Amino acid sequence: MDISMQPDSSDYRPRQRTPDSLRVQRARQRWLLLGVAAWSLAGCERESVMTTLSDAPRHPPAISSASTQDAQGTEDLNPRLLRRFKPLTIEASSNVSLVHLGRMLYFEPLLSRTGKVSCNSRHPLTSYGTTATAVAVGIDGRRGARNAPSTFNAAGHFRQFWDGRAANLEEQAAGPIENPAVMGMTAEQVLKALRGVEGYRAAFAKAYPADKAALSFNHVTGAIATFERGLITPGRWDRYLLGDHSALSSRDKDGAKLFANLGCMVCHTGAYVGGSMFEKLGVQIPWPNQHDRGRAQVSQNAADAMVFKVPSLRNVAQTAPYFHDGSVAKLEAAVRLMAYHQLGVTLDSSEIQDIVAWLGALTGDIPREYIRRPNLPAAVRP
Ligand code: HEC
């Protein structure tokens, strides 16, 4: 991207535009206002997004596409923009027995009817907590309707699932276990299976010592959720936010500026670069696949049609394919579609590459020790 072309980055518009650029500009302003409303509703800092966007550097230094590889002359991001993002802070629980129990249950195929599917089969922790298939595959190879989101950093999202139907990780964990197409168990069947295993009776008693009925379904989902709260992946972006300005390349920084100035940041914001609000997919230009109505299926409110949770973009470079339907294989295409359908803007390939570079900086370090596959208690396994 050639920022030198732009007299004022707060009024940034890409060079390639859709034919009716005025309409697009108006539409963009309209959704920005909507974004501000969503922002306030989401309980974020009240300071207006408009203010933030117009706080972008007034006269950015001349950085030509050629010089973006050059550390010289690179301007860091405006601190007021940066305040919209936060480094990851949540830490794993210090209750070692509870975390250990949760880890075993995460890897435990006895939680499924066939004894073959575990949380880790759909959300493999060595692959950034998700599989490369478009839609999730459950027992007997049955295919779900949506792409499996990553379990990494999920604890910080304001709600769980693409349609936000679970309030927290505990509620989320019960969903797939009891879903006939995913793990296909009832709560009673889960308890029966686990009570039959001496190792689990002991592990539950140790994790929940104050509780006489330690092996309950609430404790199964509670232990899994506690383990998941430690699935945090800080990376280069966090180091940058904490003050290490060498953690991002100049191209990454250009991408971050574009992300902010275009308005992606209004929806994908905060510590998780998303995961904090619901938004319509296709704000400006309708999304082609209207089959899945998103939140409308939960709320039964027609106004929620095509509304989904804004996903976190943490580790997004590692979690293809994209979108609730897993329909897009490449991150470049996902960025292009987002700009077009959410903002009514057509990006050129260099702009897309800048944003993709920055999204790469959101790839964090997997906590290898924490996710090490545990030895599961001896049991009769199918
Ligand atoms: C109006 C809110 C909004 C804006 C603005 C927005 N997004 Fe999104 N984004 C969403 C929603 C909602 C989804 C989830 C869509 C779905 O249901 O699949 C999403 C999904 C994505 C995904 C796919 C993530 C995944 O894991 O599947 C990427 C990548 C992405 N956005 C990047 C961007 C970029 C880059 C921009 C700016 C060009 C942007 N978004 C602007 C709301 C927004």
Side-chain angles (χ1 to χ4, degrees), residues 122-137 143-154 156-164 172 231 233 235 237 252 255-256 258-259 262-270 272-295 305-349 351-364 366:
R122 289 183 127 204
H123 303 279
L125 296 178
T126 47
S127 313
Y128 282 93
T130 187
T131 56
T133 46
V135 290
V137 180
R143 301 176 78 76
R146 291 181 181 149
N147 186 248
S150 173
T151 40
F152 278 101
N153 310 304
H157 301 182
F158 83 123
R159 299 197 59 101
Q160 303 296 327
F161 290 119
W162 281 102
D163 55 19
Q172 191 285 329
L231 297 175
T233 59
W237 176 238
D252 300 339
L258 259 175
F259 189 85
L262 283 167
C264 312
M265 185 191 69
V266 176
C267 297
H268 297 278
T269 185
Y272 300 89
V273 198
S276 63
M277 64 183 83
F278 294 119
E279 270 295 337
K280 185 171 172 176
L281 176 59
V283 178
Q284 291 300 328
I285 294 161
W287 191 253
N289 177 4
Q290 297 271 326
H291 185 67
D292 184 337
R293 309 301 282 165
R295 256 198 90 62
M306 295 309 288
V307 169
F308 292 89
K309 183 174 79 172
V310 176
S312 161
L313 299 183
R314 291 272 177 183
N315 301 315
V316 72
Q318 304 295 326
T319 58
Y322 301 107
F323 300 114
H324 68 271
D325 53 5
S327 58
V328 174
K330 290 263 180 283
L331 189 51
E332 284 77 3
V335 168
R336 181 171 49 76
L337 289 168
M338 269 285 122
Y340 183 69
H341 290 277
Q342 302 302 76
L343 299 163
V345 161
T346 304
L347 296 179
D348 68 26
S349 62
E351 290 165 332
I352 292 175
Q353 287 311 325
D354 286 351
I355 295 179
V356 166
W358 176 63
L359 292 174
L362 300 179
T363 300
I366 290 185

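Since the model is a prediction, treat every value here as computed from it, not as a measurement.
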All side chain to side chain donor-acceptor pair (under 3.5 Å) counterparts of H123, not counting sequence neighbours |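 With neighbours one apart ignored, the set is empty.
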The criterion is ring-ring contact (aromatic ring centres under 6.0 Å, His included); which residues satisfy it with [X], sequence neighbours excluded?
| X | answer |
| --- | --- |
| H268 | none |
| W287 | F323, H341 |
| Y322 | none |

List for me each residue that meets salt bridge (charged side-chain N to carboxylate O under 4.0 Å, His left out) alongside R146, sequence neighbours excluded, and say none if there are none.
->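 If we apply the salt bridge (charged side-chain N to carboxylate O under 4.0 Å, His left out) test to R146, skipping adjacent residues, the hits are D163, D292.
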What is the minimum heavy-atom distance between G364 and N315, and which atoms define it?
->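 So the two residues come closest at N-OD1, 2.8 Å.
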Say whether, by atom type as modelled, one donor and one acceptor occur between the side chain of T363 and the main chain of G360 under 3.5 angstrom.
->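 Checked: pair present.
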Answer yes if the side chains of S312 and N153 hold a donor-acceptor pair under 3.5 Å, and no otherwise.
->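 Distance-only check fails for S312 and N153.
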Please round to the nearest 0.5 Å and tell me the distance separating atom CG of L343 and atom OH of Y340.
->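 So the gap between those two atoms works out to 12.5 Å.
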Can you label the angle between the F308 ring and the H324 ring as parallel, tilted or perpendicular, going by 30° and 60°?
->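 F308 and H324: parallel rings.
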For A357, enumerate each residue passing the side chain to side chain contact (heavy atoms under 4.5 Å, CB included) test, keeping only those at least two apart in sequence or located in another chain.
->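 Once residues adjacent in sequence are excluded, the partners of A357 under the side chain to side chain contact (heavy atoms under 4.5 Å, CB included) criterion are R251, D252.
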Between Y272 and H157, does a side-chain contact (heavy atoms from CB on, under 4.5 Å) hold up when you go through it step by step?
-> CA-CA 8 Å; Y272 300 89; H157 301 182; 4.3 Å; yes
